[in-house]
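These values consider heavy atoms only, across backbone and side chains, with no hydrogens, waters or symmetry-generated copies. Residue indices begin at 1 and follow the sequence shown.
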Amino acid sequence: MSLFAISVIMTAIWAAVSESAALHNLLLGFVLSLVILSLLREQLLDGAPPNRTLRILSLVWLFLVELAKSAWKVAVMVTRPKLDVKPGIFAYPLTVTSDLEITLLANLITLTPGTLSVDVSDDRKTLYVHAIDCADPDAARLDIANGFERKIREAFA
């Protein structure tokens, strides 16, 4: 199937999902499909399985799961009669090296309730993270290393 045909199909799906077949909406769907296809063109043209796409989707899934878990944890924490938290900032040693990977990790941490990326060291080897409950910074470091950072390395290696 040609990339143009795939783009037309994606445009039709866009129109169905957005519940609008107006010309401006169809053009937007077509442009979005072209952008998506241009990002995936190497995998589509080479016939290779979309490993990177699956790994990125795995990262998105992990983020959504972590978002739900941390939102629940923060909601439970703040609705208790006695707020027993130990906020603090801890240093997280980075294993990701590119600007994209560091920025993505910092943003995923910031978007997760209860945590906030504060700064990156000048040598780009340490990320400083504020946590609403920093009672066990080693566990938080381990969660980041085995979660977001591992998935980012897999997706962008």
Side-chain angles (χ1 to χ4, degrees), residues 9-22 24-26 28-40 43 49-157:
I9 291 169
M10 289 174 69
T11 302
I13 292 170
W14 172 261
V17 169
S18 65
E19 297 180 359
S20 173
H24 68 278
N25 193 46
L26 291 173
L28 176 64
F30 189 71
V31 169
L32 286 174
S33 68
L34 290 176
V35 169
I36 291 168
L37 290 174
S38 70
L39 293 172
L40 300 174
Q43 294 167 345
N51 290 332
R52 177 178 240 170
T53 304
L54 292 176
R55 286 181 255 160
I56 290 172
L57 289 174
S58 175
L59 174 63
V60 170
W61 177 253
L62 173 68
F63 170 69
L64 294 174
V65 168
E66 289 296 321
L67 179 69
K69 286 182 357 187
S70 62
W72 176 257
K73 213 185 294 186
V74 169
V76 168
M77 188 183 307
V78 299
T79 56
R80 289 194 175 149
K82 183 178 182 247
L83 190 62
D84 184 31
V85 295
K86 294 170 182 62
I89 295 176
F90 64 91
Y92 178 76
L94 293 169
T95 60
V96 293
T97 55
S98 75
D99 287 341
L100 171 73
E101 294 168 336
I102 293 170
T103 302
L104 182 59
L105 178 62
N107 283 322
L108 289 174
I109 289 170
T110 297
L111 290 171
T112 305
T115 56
L116 174 69
S117 299
V118 178
D119 196 12
V120 178
S121 64
D122 291 335
D123 62 359
R124 298 174 15 170
K125 294 186 188 273
T126 306
L127 177 67
Y128 297 98
V129 178
H130 178 274
I132 194 170
D133 191 6
C134 198
D136 190 1
D138 290 331
R141 285 186 197 96
L142 193 60
D143 285 345
I144 294 170
N146 292 333
F148 290 144
E149 193 170 34
R150 181 178 58 87
K151 289 291 187 180
I152 289 171
R153 280 194 321 267
E154 289 173 2
F156 298 101

Next on the checklist: For the backbone of L100 and the side chain of T103, can you confirm whether one donor and one acceptor N or O come within less than 3.5 Å of each other?
Outcome noted: no
Checklist entry - In a check of side chain to side chain contact (heavy atoms under 4.5 Å, CB included) between F148 and each of N107, V96, T112, which one passes? => result T112
Next on the checklist: Would the distance check show the side chain of R141 and the main-chain N or O of A91 forming a donor-acceptor pair, the cut-off being under 3.5 Å?
Outcome noted: yes
Checklist entry - C134 and P87: which non-hydrogen atoms are nearest, and at how many Å? => result CB-C, 4.1 Å
Item to check | Spacing of CG belonging to L32 relative to CH2 belonging to W14, to within rounding of 0.5 Å | outcome: 5.5 Å
Item to check | Derivation of the side chain to side chain contact (heavy atoms under 4.5 Å, CB included) call for D133 and K86 | outcome: CA-CA 5 Å; D133 191 6; K86 294 170 182 62; 4.0 Å; yes
Checklist entry - Which atom pair, heavy atoms only, marks the closest approach of A21 to L26? => result O-CD1, 3.5 Å
Checklist entry - Are any side-chain N or O atoms of T115 and backbone N or O atoms of I109, one a donor and one an acceptor, separated by less than 3.5 Å? => result yes
Checklist entry - Between the main-chain N or O of R55 and the side-chain N or O of E154, is there a donor-acceptor pair closer than 3.5 Å? => result no
Checklist entry - Would you say the side chain of M10 lies within less than 4.5 Å of the side chain of L34, judging by non-hydrogen atoms? => result no
Checklist entry - To the nearest 0.5 Å, what is the distance between CD1 (I132) and CG (L83)? => result 7.0 Å
Checklist entry - Where do N25 and S20 come nearest, in terms of heavy atoms and distance? => result ND2-O, 2.7 Å
Item to check | F90 and D138, any side-chain heavy atoms less than 4.5 Å apart | outcome: no
Next on the checklist: Pair L62, L108 - check side chain to side chain contact (heavy atoms under 4.5 Å, CB included), show working.
Outcome noted: CA-CA 10 Å; L62 173 68; L108 289 174; over 6 Å; no
Item to check | Atom of S33, atom of T11 and distance for their closest heavy-atom approach | outcome: OG-OG1, 3.8 Å
Checklist entry - Are there more than 12 heavy atoms of other residues, nucleotides or ligands under 6.0 Å from atom CG of N146? => result yes
Checklist entry - Once you round to the nearest 0.5 Å, how far does CD of E149 lie from CD1 of I144? => result 8.5 Å
Checklist outcome for this item: What one should report as the nearest heavy-atom pair of S117 and T110 is N-OG1, 3.1 Å
Item to check | Approximate separation, where rounding is to 0.5 Å, of H130 NE2 and L116 CG | outcome: 7.5 Å
Item to check | Closest contact, heavy atoms only, L67 versus P113 | outcome: CD1-CD, 3.5 Å
Checklist entry - Could you give the distance from OG (S58) to CZ (R150), rounded to the nearest 0.5 Å? => result 7.5 Å
Checklist entry - For the side chain of E101 and the backbone of R153, is there at least one donor-acceptor N/O pair under 3.5 Å apart? => result no
Item to check | Identified side chain to side chain contact (heavy atoms under 4.5 Å, CB included) partner of I102 from the options T97, L94, I152 | outcome: L94
